[in-house]
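All values below come from the heavy atoms of this structure, side chains included, with hydrogens, waters and symmetry mates left out. Residue numbers count from 1 along this sequence.
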Amino acid sequence: QVQLVESGGGLVQAGGSLRLSCSASGRIVSINTMGWFRQAPGKQRELAATITLSGSTNYADSVKGRFTISRDNAKNTVYLQMNSLNPEDTAVYYCLQNVRTDVRSDYYTTYWGQGTQVTVSS
């Protein structure tokens, strides 16, 4: 019913920047929380950042001051601006969006993107 498409990953040198995007399409009534998780090789998936419908943000301590999450509600899109990247940021980044698909229900379903690889070289 809902598809998320991510873009913006790639290879960057330490100290560089990347901007990730994640756009939702399909049967969408509204979207509340959007966010980004990441999973490094051999590690569990972990939270990077989230943003609510009202714009409140939450960041993992490891990315505070370097990453900025934002959203464009008209485009059903969430962004992650990543600055001052270091090799420890190397991971597959997954977006999520909590989507309401039925006007008759207040229930929200969490949808995930396919993941985009971010590799930071030293």
Side-chain angles (χ1 to χ4, degrees):
Q1 284 184 320
V2 175
Q3 298 79 38
L4 302 187
V5 177
E6 301 180 25
S7 62
L11 174 64
V12 64
Q13 288 188 333
S17 298
L18 285 173
R19 189 190 193 210
L20 306 182
S21 300
C22 171
S23 296
S25 62
R27 187 185 178 95
I28 298 171
V29 173
S30 61
I31 304 172
N32 54 20
T33 301
M34 298 179 175
W36 291 92
F37 280 66
R38 64 184 186 180
Q39 187 167 17
K43 295 186 177 181
Q44 290 187 332
R45 191 175 297 190
E46 64 176 12
L47 169 73
T50 59
I51 184 168
T52 66
L53 180 59
S54 63
S56 295
T57 58
N58 180 51
Y59 295 95
D61 288 342
S62 58
V63 308
K64 279 181 182 176
R66 301 186 299 120
F67 290 11
T68 302
I69 189 170
S70 60
R71 61 190 287 167
D72 185 333
N73 294 324
K75 296 181 179 179
N76 295 329
T77 298
V78 60
Y79 305 97
L80 188 66
Q81 177 66 44
M82 305 185 293
N83 298 329
S84 301
L85 286 161
N86 58 62
E88 289 70 39
D89 296 314
T90 295
V92 178
Y93 284 70
Y94 298 90
C95 68
L96 72 88
Q97 298 194 25
N98 289 332
V99 183
R100 179 185 175 196
T101 59
D102 188 345
V103 294
R104 300 165 297 180
S105 171
D106 292 333
Y107 186 74
Y108 284 78
T109 301
T110 299
Y111 291 89
W112 291 88
Q114 79 281 6
T116 186
Q117 177 70 47
V118 172
T119 302
V120 184
S121 63
S122 57

Arg38 vs Asp89, side-chain contact (heavy atoms from CB on, under 4.5 Å): CA-CA, chis, key distance, verdict: CA-CA 9 Å; Arg38 64 184 186 180; Asp89 296 314; 2.9 Å; yes

Taking it one step at a time, do Asp61 and Tyr59 satisfy side-chain contact (heavy atoms from CB on, under 4.5 Å)? CA-CA 6 Å; Asp61 288 342; Tyr59 295 95; over 6 Å; no

side-chain contact (heavy atoms from CB on, under 4.5 Å) assessment of Val29 paired with Asp102: CA-CA 6 Å; Val29 173; Asp102 188 345; 5.7 Å; no

Chi angles and distances behind the side chain to side chain donor-acceptor pair (under 3.5 Å) call for Asn83, Ser17: CA-CA 4 Å; Asn83 298 329; Ser17 298; 2.9 Å; yes

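With hydrogens and angles left out, the side-chain atoms of Tyr108 and Ser30 include a donor and acceptor closer than 3.5 Å. Checked by atom type, the side-chain pair Thr50/Thr33 shows no donor-acceptor distance below 3.5 Å. For the residue pair Arg19 and Thr68, no side-chain donor N or O sits within less than 3.5 Å of a side-chain acceptor on the partner.
Two residues are said to be in side-chain contact when any heavy atoms from C-beta on lie closer than 4.5 Å; Val120 and Glu88 fail this criterion. Inter-residue side-chain proximity for Val118 and Leu20 is flagged as met; some heavy-atom pair is nearer than 4.5 Å. Contact annotation: the side chain of Ile51 approaches that of Val78 to within less than 4.5 Å [non-hydrogen atoms, C-beta and beyond]. A 4.5 Å side-chain heavy-atom check between Val99 and Thr109 finds every atom pair outside the cut-off.
For the side chain to side chain contact (heavy atoms under 4.5 Å, CB included) test, residues two or more places apart in sequence or in another chain that qualify with Ala48 are Trp36. Remark: Thr90 pairs with no residue by the side chain to side chain donor-acceptor pair (under 3.5 Å) rule, at least two apart or across chains. With sequence neighbours left out, the side chain to side chain donor-acceptor pair (under 3.5 Å) criterion links Asn98 to Thr110. Scanning for side chain to side chain contact (heavy atoms under 4.5 Å, CB included) contacts around Ser56 gives Thr52, Ser54, with sequence neighbours left out. Here Phe37 pairs with Trp112 under the ring-ring contact (aromatic ring centres under 6.0 Å, His included) rule; sequence neighbours left out. Judged as a side chain to side chain donor-acceptor pair (under 3.5 Å), and not counting sequence neighbours, Ser70 has no contacts.
The minimum heavy-atom distance between Ala14 and Pro87, with the atom names listed, is CB-CD, 4.2 Å. What you find for Arg66 and Asn86 is that their closest heavy atoms are NH1-ND2, 3.5 Å. Across all non-hydrogen atoms, the minimal contact from Arg100 to Asp106 is NH2-OD1, 3.8 Å. Smallest separation of non-hydrogen atoms from Ile31 and Ile28: CG1-CG2, 3.8 Å. In terms of heavy-atom proximity, Glu6 sits nearest to Gly115 at OE2-N, 3.2 Å. Of all heavy-atom pairs spanning Asn76 and Gln97, the tightest one is O-NE2, 3.4 Å.
Cluster annotation: Tyr79 and Met34 are assigned to distinct hydrophobic clusters (Ile/Leu/Val/Met/Phe/Trp/Tyr, side-chain heavy-atom contacts under 4.5 Å, transitive). Linking Ile, Leu, Val, Met, Phe, Trp and Tyr residues whenever their side-chain heavy atoms come within less than 4.5 Å leaves Val92 and Phe67 in two separate clusters. Met82 and Leu47 fall into different hydrophobic clusters, defined by Ile, Leu, Val, Met, Phe, Trp and Tyr side-chain heavy atoms under 4.5 Å apart, directly or through other members.
Atom CZ of Arg27 sits about 6.0 Å away from atom CD of Gln1, to the nearest 0.5 Å. Note: Ser21 OG to Leu4 CG = 12.5 Å, rounded to the nearest 0.5 Å. Going from atom CG of Asn58 over to atom NZ of Lys64 covers 7.0 Å, rounded to the nearest 0.5 Å. With rounding to the nearest 0.5 angstrom, the CG atom of Leu18 is 8.5 Å from the CD atom of Gln81.
Side-chain atoms of Tyr94 do not come within 3.5 Å of backbone N or O of Arg45 as any donor-acceptor pair.
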